[in-house]
Amino acid sequence: TIVIMPSENMYMEQPINPKMLPKTTGRMDGEVERVSLGKEVIGGNQAEKFRVTYTEGPDRIEAYQWLTDFGFPIKMEAVDSSWSVEYRNLSAAPQPAGLFEPPEGFR
(Lines give C-alpha, C1' and ligand atoms only; values in the text may rest on other atoms or scores of the structure.)
Protein backbone atom coordinates (compact mmCIF):
# COMPACT_ATOMS: atom_id res chain seq x y z
CA THR A 1 0.00 0.00 0.00
CA ILE A 2 1.24 3.48 -0.83
CA VAL A 3 0.02 6.29 1.44
CA ILE A 4 0.44 9.67 -0.25
CA MET A 5 0.92 12.87 1.77
CA PRO A 6 0.61 15.65 -0.84
CA SER A 7 1.13 18.57 1.58
CA GLU A 8 4.59 17.16 2.50
CA ASN A 9 5.44 15.90 -1.01
CA MET A 10 6.03 12.50 0.63
CA TYR A 11 4.77 8.95 0.44
CA MET A 12 4.97 5.94 2.74
CA GLU A 13 4.85 2.27 1.77
CA GLN A 14 3.03 -0.10 4.13
CA PRO A 15 2.20 -3.81 3.98
CA ILE A 16 -1.43 -4.58 3.24
CA ASN A 17 -3.52 -5.62 6.24
CA PRO A 18 -6.14 -8.04 4.80
CA LYS A 19 -8.59 -7.15 7.59
CA MET A 20 -8.60 -3.52 6.43
CA LEU A 21 -9.42 -4.26 2.79
CA PRO A 22 -12.88 -3.26 1.59
CA LYS A 23 -15.13 -6.15 0.68
CA THR A 24 -15.11 -6.14 -3.11
CA THR A 25 -16.31 -9.65 -3.86
CA GLY A 26 -19.87 -10.86 -4.10
CA ARG A 27 -19.56 -13.62 -1.55
CA MET A 28 -19.34 -12.59 2.12
CA ASP A 29 -17.00 -14.33 4.58
CA GLY A 30 -19.17 -16.50 6.82
CA GLU A 31 -22.10 -16.37 4.40
CA VAL A 32 -24.87 -18.84 5.27
CA GLU A 33 -27.74 -17.65 3.05
CA ARG A 34 -28.27 -15.49 -0.07
CA VAL A 35 -31.69 -14.63 -1.57
CA SER A 36 -32.14 -12.61 -4.76
CA LEU A 37 -34.62 -9.73 -4.46
CA GLY A 38 -34.51 -8.56 -8.09
CA LYS A 39 -32.75 -5.88 -10.12
CA GLU A 40 -32.29 -2.18 -9.25
CA VAL A 41 -30.25 0.73 -10.55
CA ILE A 42 -27.72 2.08 -8.04
CA GLY A 43 -25.81 5.21 -9.02
CA GLY A 44 -26.52 4.57 -12.70
CA ASN A 45 -25.30 0.96 -12.51
CA GLN A 46 -27.59 -2.02 -13.05
CA ALA A 47 -27.35 -4.28 -9.97
CA GLU A 48 -28.98 -7.35 -8.50
CA LYS A 49 -30.19 -6.91 -4.91
CA PHE A 50 -29.67 -9.76 -2.43
CA ARG A 51 -30.59 -10.34 1.19
CA VAL A 52 -27.47 -11.94 2.68
CA THR A 53 -27.06 -13.61 6.06
CA TYR A 54 -23.51 -14.12 7.32
CA THR A 55 -21.68 -14.68 10.57
CA GLU A 56 -18.91 -12.54 12.09
CA GLY A 57 -17.57 -14.30 15.15
CA PRO A 58 -20.57 -15.10 17.34
CA ASP A 59 -22.79 -12.54 15.56
CA ARG A 60 -25.30 -13.33 12.82
CA ILE A 61 -25.70 -10.36 10.45
CA GLU A 62 -28.38 -9.74 7.84
CA ALA A 63 -27.69 -7.20 5.11
CA TYR A 64 -28.78 -6.19 1.66
CA GLN A 65 -26.12 -6.35 -1.04
CA TRP A 66 -26.33 -4.93 -4.57
CA LEU A 67 -23.97 -6.59 -7.09
CA THR A 68 -23.24 -4.95 -10.43
CA ASP A 69 -23.38 -6.96 -13.65
CA PHE A 70 -19.57 -7.27 -13.39
CA GLY A 71 -19.82 -8.73 -9.85
CA PHE A 72 -18.80 -5.70 -7.75
CA PRO A 73 -20.75 -5.05 -4.52
CA ILE A 74 -21.70 -1.43 -5.25
CA LYS A 75 -23.81 -1.10 -2.09
CA MET A 76 -24.39 -2.90 1.20
CA GLU A 77 -26.85 -1.96 3.92
CA ALA A 78 -27.89 -3.56 7.20
CA VAL A 79 -31.44 -4.90 7.08
CA ASP A 80 -32.18 -2.75 10.16
CA SER A 81 -30.65 0.32 8.36
CA SER A 82 -28.05 0.80 11.14
CA TRP A 83 -25.22 1.09 8.55
CA SER A 84 -24.62 1.27 4.84
CA VAL A 85 -21.74 1.51 2.36
CA GLU A 86 -22.08 2.70 -1.22
CA TYR A 87 -19.45 3.18 -3.91
CA ARG A 88 -20.10 6.13 -6.24
CA ASN A 89 -18.66 7.31 -9.55
CA LEU A 90 -17.76 3.72 -10.30
CA SER A 91 -16.22 2.86 -13.65
CA ALA A 92 -14.97 -0.63 -14.47
CA ALA A 93 -11.96 -0.27 -16.75
CA PRO A 94 -8.27 -1.15 -16.91
CA GLN A 95 -6.13 1.17 -14.78
CA PRO A 96 -2.85 2.79 -15.87
CA ALA A 97 0.23 1.16 -14.27
CA GLY A 98 1.34 4.61 -13.04
CA LEU A 99 -1.46 4.59 -10.47
CA PHE A 100 0.49 1.93 -8.59
CA GLU A 101 3.74 3.92 -8.33
CA PRO A 102 4.59 6.83 -6.00
CA PRO A 103 4.13 10.22 -7.69
CA GLU A 104 7.21 11.57 -9.44
CA GLY A 105 9.25 13.88 -7.20
CA PHE A 106 7.80 12.54 -3.94
CA ARG A 107 10.23 11.17 -1.37
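Positions are given from 1 along the sequence.
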Can you see which heavy atom on [X] is nearest to which on [Y], and at what distance?
X	Y	value
Met5	Phe106	O-CE2, 4.0 Å
Ile42	Ile74	O-CD1, 3.7 Å
Glu31	Arg27	OE2-NH1, 2.9 Å
Arg107	Glu8	NH1-O, 3.3 Å
Gln14	Val3	OE1-CG2, 3.6 Å
Ala63	Val79	N-CG2, 3.7 Å

Student check: side-chain heavy atoms of [X] and [Y] closer than 4.5 Å:
X	Y	answer
Arg60	Thr53	yes
Tyr54	Val32	no
Pro102	Ile4	no

Gln65 side chain to Arg34 side chain, donor-acceptor N/O pair below 3.5 angstrom
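The answer is yes; a qualifying pair exists.
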I'd like to know if the side chain of Glu48 pairs up with that of Trp66 as donor and acceptor (distance under 3.5 Å, no hydrogens or angles considered).
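On atom types as modelled, these side chains do not qualify, holding no pair under 3.5 Å.
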[X], [Y]: one ILVMFWY side-chain cluster at the under-4.5 Å cut-off?
X	Y	answer
Val52	Trp83	yes
Met10	Met12	yes
Val85	Val41	no

Do side-chain atoms of Thr68 reach the backbone of Phe72 as a donor and acceptor pair under 3.5 angstrom?
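Pair found, side chain donor or acceptor close to backbone of Phe72.
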Between the main-chain N or O of Ala93 and the side-chain N or O of Gln95, is there a donor-acceptor pair closer than 3.5 Å?
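Side chain of Gln95 to backbone of Ala93, a donor-acceptor pair under 3.5 Å: yes, one is there.
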May I ask you to check if Lys49 and Tyr64 form a cation-pi contact, with NZ or CZ under 6.0 angstrom from the six-membered ring centre and within 45° of the axis?
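Judged by the rule (NZ or CZ under 6.0 Å from the ring centre, within 45° of its axis), Lys49 counts as positioned above Tyr64.
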Once rounded to the nearest 0.5 Å, what's the spacing between atom CD of Gln46 and atom CG of Asp69?
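Rounded to the nearest 0.5 Å, the CD-CG separation comes to 5.5 Å.
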